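Let me begin by presenting the structure, written as structure tokens, before commenting on it.
As the structure is a computational prediction, the values presented were derived from the model and not from experiment.
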Amino acid sequence: MSLERPPIVIEEVTDPAELAKARAQDERFARNWAWFESYASDIYATHRGKCICIAGEELFVADTPEEVLALATAAHPEDDGRFTRIIPREKVTRVYASPWRLASMR
């Protein structure tokens with residue numbers, strides 16, 4: 001079975017207004033990420049098996065991604081720098097592997 005892959009399109013954005021909008025979104029994400037990192041150990045210990053969202057430097061918790069996004073968006077509709085995570089039920093060692101082969105750099 002042959003899988004067709006859609007073409008990859010890369011565009012350069014030069015519009016100053018669009019660039020400013022993207023920088024502002026990135027700054028909101030960075031603030032939310034910094035907040036998350038400072039509370040991550042407590043969040044992971046308390047909310048195992050839940051979906052979380054950080055928006056407006058505030059934690060939202062629910063059972064599904066849709067529910068948690070609805071809560072976060074209702075509280076901080078202007079924050080497009082929010083992000084979600086699913087906290088695993090159990091704390092286990094995880095190994096992440098890449099499907100790409102790595103070449104030796106000798």
The criterion is salt bridge (Lys or Arg N to Asp or Glu O under 4.0 Å); which residues satisfy it with Arg82, sequence neighbours excluded?
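Result, salt bridge (Lys or Arg N to Asp or Glu O under 4.0 Å) vs Arg82: none returned.
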Those residues that, when tested against Asp63, pass salt bridge (Lys or Arg N to Asp or Glu O under 4.0 Å) (two or more places apart)
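With neighbours one apart ignored, the set is Lys50.
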Do side-chain atoms of Asp79 reach the backbone of Thr73 as a donor and acceptor pair under 3.5 angstrom?
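Side chain of Asp79 to backbone of Thr73: no pair is present.
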Arg48 side chain vs Pro88 backbone, donor-acceptor pair below 3.5 Å:
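Answer holds: yes.
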Under 4.5 Å side-chain heavy-atom separation, chaining through any Ile, Leu, Val, Met, Phe, Trp or Tyr, what else clusters with [X]? Say none if it is isolated.
X     : answer
Ile52 : Phe29, Trp33, Trp35, Phe36, Tyr39, Ile43, Tyr44, Ile54, Leu59, Val61, Phe83, Ile87
Ile10 : Ile8
Phe60 : Val68, Leu71

Atom SG in Cys53, atom CG in Leu69: separation rounded to 0.5 Å?
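Atom-to-atom, Cys53:SG and Leu69:CG are 5.0 Å apart.
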side-chain hydrogen bond (donor to acceptor under 3.5 Å, both in side chains) against [X], all qualifying residues, sequence neighbours excluded:
X     : result
Asp26 : none
Arg85 : none
Gln25 : none
Glu58 : His76

Under the rule for side chain to side chain contact (heavy atoms under 4.5 Å, CB included), what residues qualify as partners of [X], not counting sequence neighbours?
X     : result
Val13 : Glu18, Leu19
Thr46 : none
Thr64 : Glu66, Glu67

